[in-house]
Amino acid sequence: MSSKLTVEYFVEPDSASLARRAAEQFVEKVQQAVAARGLARIAISGGSTPKAAFQLLANPAEPFLSAMPWDKLQLYWVDERTVPPTDADSNYRMTKESLLDHVPLKPEQIHRMEGELEPEVAAARYESELRNSFRLEGAETPTFDLVALGMGDDGHTASLFPHTDAIHEMGKLVTANHVPQKDTWRITLTWPVINQARSVFFLIGGADKTERLKEVFLGPRDVETLPSQLIWPASGILTLFLDKVAAALLPAPDAEGRGILERVR
């Protein structure tokens with residue numbers, strides 16, 4: 001893994017622009033993967049900004065629906081809550097209602113985390129799903145074409161929460177993580193899997209993220225407190241899509257809304 005990380009960030013004026021930028025990025029990265037390898041494997045996260053982006057992707061009045069090579073897409077999840085797929089808190093349910101019900105994806109292209117099962121069972125089954133669908137052998141790690149992440153106001157990403165066991169999990173592809181601060185369990189990809197992806201981006205908006213964003217990307221390294229700092233892609237490049245409010249404490253971007261940060265281990 002590279003000792004240097006280039007963090008490239010793009011600042012949008014508001015949440016609507018941020019969702020549109022995310023939709024554009026999904027289409028672009030899927031098209032690039034299909035052109036290079038004939039297939040695109042992406043892992044997505046829950047949240048209000050991804051939901052708005054998914055709604056744009058599914059909207060027939062927008063250009064994204066026809067531009068996306070749906071038949072070449074394999075869709076995975078970064079993490080899931082330990083609830084049934086019909087539950088209002090389910091990341092899968094949000095994706096189904098905003099995207100899957102409206103686009104031409106077949107069931108075999110959709111790889112759901114089974115949040116209704118016992119957490120350890122759900123994690124083991126999803127690890128098997130990854131091994132089978134990526135045709136992994138031995139200790140191989142899957143290489144996603146794109147992993148889309150969010151960040152919580154506590155500095156967590158995926159379901160890697162501060163001071164939880166998943167921060168230290170490097171041997172598994174998927175782990176069940178007990179989150180005492182939320183009195184619950186989560187299922188999540190582990191950070192080495194996320195970092196192996198060809199492209200990783202954070203989608204972050206809102207005033208509640210402003211201070212934490214500065215700590216994660218400008219402050220000292222403290223992964224126990226700020227698990228988002230574990231995201232250090234093997235490519236040496238990490239992309240952030242931010243709204244203006246979230247980016248307020250980062251160095252001002254250029255006239256095109258683009259900024260660069262360099263991080264060193």
Side-chain angles (χ1 to χ4, degrees), residues 26 30 39-48 50-51 53-54 57-58 70 73-150 152 156-161 164-197 200 227:
F26 279 119
V30 169
L39 183 69
R41 296 180 172 114
I42 70 171
I44 57 172
S45 298
S48 57
K51 180 179 180 178
F54 297 158
L57 290 173
W70 297 104
L73 178 60
Q74 296 286 324
L75 190 65
Y76 301 82
W77 273 260
V78 170
D79 67 332
E80 183 57 278
R81 296 177 170 91
T82 47
V83 295
T86 52
D87 192 282
D89 287 336
S90 165
N91 286 341
Y92 169 79
R93 177 178 166 173
M94 181 278 282
T95 311
K96 181 177 187 294
E97 291 178 351
S98 57
L99 181 72
L100 304 180
D101 286 346
H102 314 285
V103 300
L105 281 176
K106 297 174 183 173
E108 58 267 27
Q109 294 173 266
I110 300 165
H111 306 269
R112 177 177 78 82
M113 288 181 170
E114 298 167 290
E116 68 274 23
L117 302 178
E118 285 293 320
E120 300 284 0
V121 174
R125 281 176 61 91
Y126 208 66
E127 176 144 347
S128 295
E129 179 72 17
L130 293 182
R131 291 193 176 282
N132 291 335
S133 62
F134 279 83
R135 296 186 173 88
L136 302 179
E137 295 181 7
E140 278 187 316
T141 302
T143 301
F144 286 98
D145 295 297
L146 174 65
V147 173
L149 299 171
H156 87 270
T157 191
S159 279
L160 308 171
F161 284 83
T164 58
D165 291 344
I167 291 172
H168 307 284
E169 182 55 69
M170 296 176 67
K172 297 177 181 175
L173 306 182
V174 185
T175 192
N177 193 27
H178 184 237
V179 186
Q181 53 267 54
K182 292 191 176 292
D183 190 27
T184 190
W185 285 79
R186 297 282 182 90
I187 317 303
T188 186
L189 298 182
T190 56
W191 59 266
V193 171
I194 294 170
N195 285 339
Q196 183 66 27
V200 181

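Numbers here simply count residues along the sequence, with the first being 1.
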Could you grab the distance from atom [atom1] of [X] to atom [atom2] of [Y], nearest 0.5 Å is fine?
| X | Y | atom1 | atom2 | value |
| --- | --- | --- | --- | --- |
| L75 | I44 | CG | CD1 | 4.0 Å |
| T141 | F134 | OG1 | CZ | 10.5 Å |
| S48 | M94 | OG | CE | 8.5 Å |
| T143 | N195 | OG1 | CG | 11.5 Å |
| K96 | H102 | NZ | NE2 | 8.5 Å |

**OP:** State which residues pass side-chain hydrogen bond (donor to acceptor under 3.5 Å, both in side chains) with T175; sequence neighbours excluded, sorted by chain then number.
**Re:**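 Result, side-chain hydrogen bond (donor to acceptor under 3.5 Å, both in side chains) vs T175: none returned.
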**OP:** Could you go through the side-chain contact (heavy atoms from CB on, under 4.5 Å) check for I110 and L100 one step at a time?
**Re:** CA-CA 9 Å; I110 300 165; L100 304 180; 4.1 Å; yes
**OP:** Test R186 against R81 for side-chain contact (heavy atoms from CB on, under 4.5 Å), laying out the working first.
**Re:** CA-CA 5 Å; R186 297 282 182 90; R81 296 177 170 91; 3.5 Å; yes
May I ask you to decide if [Y]'s main-chain N or O and [X]'s side chain share a donor-acceptor pair within less than 3.5 Å?
| X | Y | answer |
| --- | --- | --- |
| Y126 | W77 | yes |
| T157 | G150 | yes |
| E80 | Y92 | yes |

**OP:** For the pair F161 and H156, name the ring-plane relationship: parallel under 30°, tilted 30 to 60°, perpendicular over 60°.
**Re:**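 F161 vs H156 ring planes: parallel.
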**OP:** Just say parallel, tilted or perpendicular for the rings of H111 and Y76, cut-offs at 30° and 60°.
**Re:**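 Plane angle under 30°, so parallel.
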Nearest heavy atoms of [X] and [Y], plus distance in Å:
| X | Y | answer |
| --- | --- | --- |
| I187 | P119 | CD1-O, 3.4 Å |
| F54 | L99 | O-CD1, 3.6 Å |
| N91 | D79 | ND2-O, 3.1 Å |
| V78 | A148 | CG2-O, 3.7 Å |
| W70 | L105 | O-CD2, 3.4 Å |
| I167 | W191 | O-NE1, 2.9 Å |

Minimum side-chain heavy-atom gap [X]-[Y] below 4.5 Å:
| X | Y | result |
| --- | --- | --- |
| S133 | Q74 | no |
| I42 | L73 | yes |
| P142 | L173 | yes |

So for atom [atom1], which belongs to [X], do other residues, nucleotides or ligands contribute more than 12 heavy atoms lying within a distance under 6.0 Å?
| X | atom1 | result |
| --- | --- | --- |
| E118 | CD | no |
| D183 | CG | no |
| E108 | CD | yes |

**OP:** Run the salt-bridge test on R93 and E97 with the 4.0 Å N-O cut-off and return the result as yes or no.
**Re:**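 Yes, R93 and E97 are salt-bridged.
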Subject >> Presence of salt bridge, D145 and R41, under 4.0 angstrom >> reply: no
Subject >> Partner of T164 by side-chain contact (heavy atoms from CB on, under 4.5 Å), out of Q181, H178, E169 >> reply: Q181
**OP:** Applying side-chain contact (heavy atoms from CB on, under 4.5 Å) between L160 and each of L149, D165, L189, T188, report the one that passes.
**Re:** T188
**OP:** Using the salt bridge (charged side-chain N to carboxylate O under 4.0 Å, His left out) rule, take E127 and R131 through it: C-alpha gap first, then chi angles, then the decisive distance, then the call.
**Re:** CA-CA 6 Å; E127 176 144 347; R131 291 193 176 282; 3.3 Å; yes
